[in-house]
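Step one of this worksheet: look at the structure below.
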Amino acid sequence: MADKPRVFSGIQPTGRKTLGNYSGGFRQYVQTQDAGDAFFCIVDLHSITVEYDPADLRSSTLDLAATLFATGLDAERSTVFCQSHVTAHAEAAWLLSAVASYGQLGRMTQFKEKSDRHDFVSAGLFTYPVLMAGDILLYQTDLVPIGDDQRQHLELARDIAERFNFRYGETFRVPDGQFPSVGGRIMDLQDPTSKMSTTLSSEQGAIYMNDPPDAIRKKFKSAVTDSGREVRYDPAEKPGVSNLLEIMSVATGEPIDALAKRFASAGYGDLKEAVGESVVELLTPIQERFKQLRADERALQHLLAMGAEKARRASEPTLEQMYERMGFAKPEAGRHFGAARPRGL
Ligand code: LTN
């Protein structure tokens, strides 16, 4: 146990997933599952903090589950589960809200940006990072693979862990972040100086996980390149070409400098075509597996039920300790965790 780090990450089910999500997220998860004892949580409870459609939430939750398995997560080796299936997450968020600082939550840049963009600002949007801290801390997590945009939230989770440990006694492991190096920043094909994004990119600027091959080829063909003609990797001077090389490296597994060398005397057109083709080759088998997995909802639900059961068992001792250390009287017959009683009864 001590030699295998505990890994935990959460992924929002809402929003169409892009090649950027694959490169900086899904792809890394698959690598992690061999190195550690990994938990991947579909954070549906986080998705209700901004306006959403309940029917969409249900289908996008199953879509994300199928995507995670299609990209290579294995239900035997990793624990893939849905946050709302494990009631410990909602409970932990409430308990931890007592040690989270109101002032610090108000300084979260994601909160400030999102609350500027919406006219109804929910209390949940404000306490979002507390729920996230609970996700991580319940599992005594060592490592949290996340994007750069989640750095501040992880810092807050560490502060919460330390404050809890100080007030109530040593309870939580203080987690570290793991930030992607190569492929962490796939840029928009139409604007290679900004990140490829579900919410901010245009249809032409982003490659979606479920784009058909012809759409993918077309998007690369019309990708914005740089002035000059030579192909080299230089993100500052040549953001467009460098992004294409980086994407091809993600798709093929070949190092960027080897690709830069190979295409050094090729034209931009040839490079774009080759990159497009490599992404089609990457995504086609993933899309095949996705279709199969998504078509059988019962089997998918079964995999999630397995994950939830493992997650409940892993989080239960920590939640129990939290209640105890915080001074709650123990219920006589023990606490009923999610598994004891089917939800909805
Ligand atoms: N806030 C994260 C999603 C998330 C998460 C987590 C990530 C929720 N809980 C726990 C890592 C660990 C996001 O929007 N990417």
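Being a predicted model, the structure only gives us computed values, none of them experimental. Side chains included, hydrogens not; waters and symmetry mates left out as well; all remaining heavy atoms used. Counting starts at 1 for both ligands and their atoms, in listed order.
Under a 4.0 Å criterion applied to the non-hydrogen atoms of Ile146, ligand 1 contributes the atoms 7 (C), 11 (C). Near Val144, the atoms of ligand 1 lying under 4.0 angstrom from a non-hydrogen atom of the residue are 11 (C), 12 (C). Heavy-atom contacts of Val43 reach the following atoms of ligand 1: 8 (C), 9 (N) (cutoff under 4.0 Å).
Of the protein's heavy atoms, Asp135 OD2, 2.7 Å lies nearest to atom 9 (N) of ligand 1. Nearest non-hydrogen protein atom to atom 11 (C) of ligand 1 is Gly10 N, 3.3 Å. Among all protein heavy atoms, the one lying closest to atom 2 (C) of ligand 1 is Gln150 OE1, 3.3 Å. Looking from atom 6 (C) of ligand 1 to the surrounding protein, the closest heavy atom is Met132 CG, 3.5 Å. Atom 14 (O) of ligand 1 has its closest protein heavy atom at Tyr128 OH, 3.1 Å.
By the 3.5 Å distance cut-off applied to N or O atoms, Gln110 is not counted among the residues near ligand 1. Checked against a 3.5 angstrom limit, the closest N/O atoms of Ser9 and ligand 1 fall outside it.
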Q.
Walk me through whether Glu277 and Arg217 qualify under salt bridge (Lys or Arg N to Asp or Glu O under 4.0 Å).
A. CA-CA 7 Å; Glu277 224 37 63; Arg217 292 190 184 101; 2.9 Å; yes
Q.
For Lys261 and Glu254: C-alpha separation, side-chain torsions, deciding distance, then whether salt bridge (Lys or Arg N to Asp or Glu O under 4.0 Å) applies.
A. CA-CA 12 Å; Lys261 224 183 240 164; Glu254 285 175 82; over 6 Å; no
Q: With salt bridge (Lys or Arg N to Asp or Glu O under 4.0 Å) as the test, would you mind laying out the steps for Glu309 and Arg313 before giving the verdict?
A: CA-CA 6 Å; Glu309 192 47 44; Arg313 255 181 280 130; 3.8 Å; yes
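Ser201 and Asp188 share a side-chain donor-acceptor pair at under 3.5 Å.
Looking at Asp142 and Arg6, no side-chain N of the basic residue comes within less than 4.0 Å of a carboxylate O on the acidic one, giving no salt bridge.
At a heavy-atom distance under 4.0 Å, only side-chain atoms of Ile136, from C-beta outward, approach ligand 1.
By the 4.5 Å heavy-atom criterion applied to side chains, Met322 and Tyr168 are not counted as neighbours.
Aromatic pair Phe111/His153: centroids not less than 6.0 angstrom apart.
With hydrogens and angles disregarded, a donor-acceptor distance shorter than 3.5 Å links the side chain of Gln287 to the backbone of Asp211.
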